[in-house]
Amino acid sequence: QVQLVESGGGSVQAGGSLRLSCSASGYIYNSYCMGWFRQAPGKEREGVAAIYTSGRTTYYADSVKGRFTISQDNARNTLYLQMNSLKPEDTATYYCATNTRTWTSRPLADYAYNHWGQGTQVTVSS
């Protein structure tokens, strides 16, 4: 059974930085891609960043390009999201996810993922 546990959320002022971590356990060696998603109150969940586990190709939502960086440490089975220049509109619950089913051409689409973490809250004040 795959388990994903996020950490690193918190409250920060606009312009600040946070680094989210996602610790993965269980059978994840056949993971095709991993991603970070977020959901703000009253809004749909959106893909923020994703990485193909082989090749390390990354994808970002336009709203976070140039500010967020996704990376993975295979030795530690950990996924990271470095978030810089945070804005109040980045406030949301952030989720880590992994796709162990099949390759997808849409790594920022939530339907492509079959394992999810419980989420970590990020609050950015102006």
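What you are looking at is a predicted structure, and each value in this text was computed from that prediction instead of being measured.
Within the structure, the salt bridge (Lys or Arg N to Asp or Glu O under 4.0 Å) test picks out the following pairs touching residues 98-115 (sequence neighbours left out): Arg45-Asp110. Residue pairs meeting the disulfide bond (SG atoms under 2.5 Å apart) criterion with at least one member in residues 42-107, sequence neighbours excluded: Cys22-Cys96. Each salt bridge (Lys or Arg N to Asp or Glu O under 4.0 Å) pair with one or both residues in residues 47-67, not counting sequence neighbours, appears once here: Asp62-Lys65, Arg67-Asp90. Sequence neighbours left out, the pairs with a member in residues 6-18 that pass side chain to side chain donor-acceptor pair (under 3.5 Å) are Glu6-Gln118, Ser17-Asn84. Residue pairs meeting the salt bridge (Lys or Arg N to Asp or Glu O under 4.0 Å) criterion with at least one member in residues 116-126: none, sequence neighbours excluded. The stretch residues 32-81 participates, sequence neighbours left out, in no disulfide bond (SG atoms under 2.5 Å apart) pair at all.
Residues satisfying the ring-ring contact (aromatic ring centres under 6.0 Å, His included) criterion with Tyr113, sequence neighbours excluded, are Phe37. Checked against salt bridge (Lys or Arg N to Asp or Glu O under 4.0 Å), Lys43 has no partners two or more places apart in sequence or in another chain. When the salt bridge (Lys or Arg N to Asp or Glu O under 4.0 Å) test is applied to Glu89, no partner is found at least two apart in sequence or on another chain. In this view, Tyr60 satisfies the ring-ring contact (aromatic ring centres under 6.0 Å, His included) rule with no residue, not counting sequence neighbours.
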Subject >> Verdict with reasoning, Leu4 to Trp116, per side-chain contact (heavy atoms from CB on, under 4.5 Å) >> reply: CA-CA 6 Å; Leu4 303 173; Trp116 294 83; 5.6 Å; no
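Clustering of Ile, Leu, Val, Met, Phe, Trp and Tyr side chains at separations under 4.5 Å leaves Tyr111 isolated, with no partner residue. As a member of the Ile/Leu/Val/Met/Phe/Trp/Tyr network built from side-chain separations under 4.5 Å, Leu108 groups with Tyr32, Tyr52, Tyr59, Trp103.
Side-chain contact between Ile70 and Phe68: absent, with no pair of heavy atoms (C-beta onward) separated by less than 4.5 Å.
Judged by distance alone, the side chains of Thr98 and Ser31 do bring a donor and an acceptor atom under 3.5 Å apart.
Not one N or O on the side chain of Thr123 forms a donor-acceptor pair closer than 3.5 Å with the backbone of Thr91.
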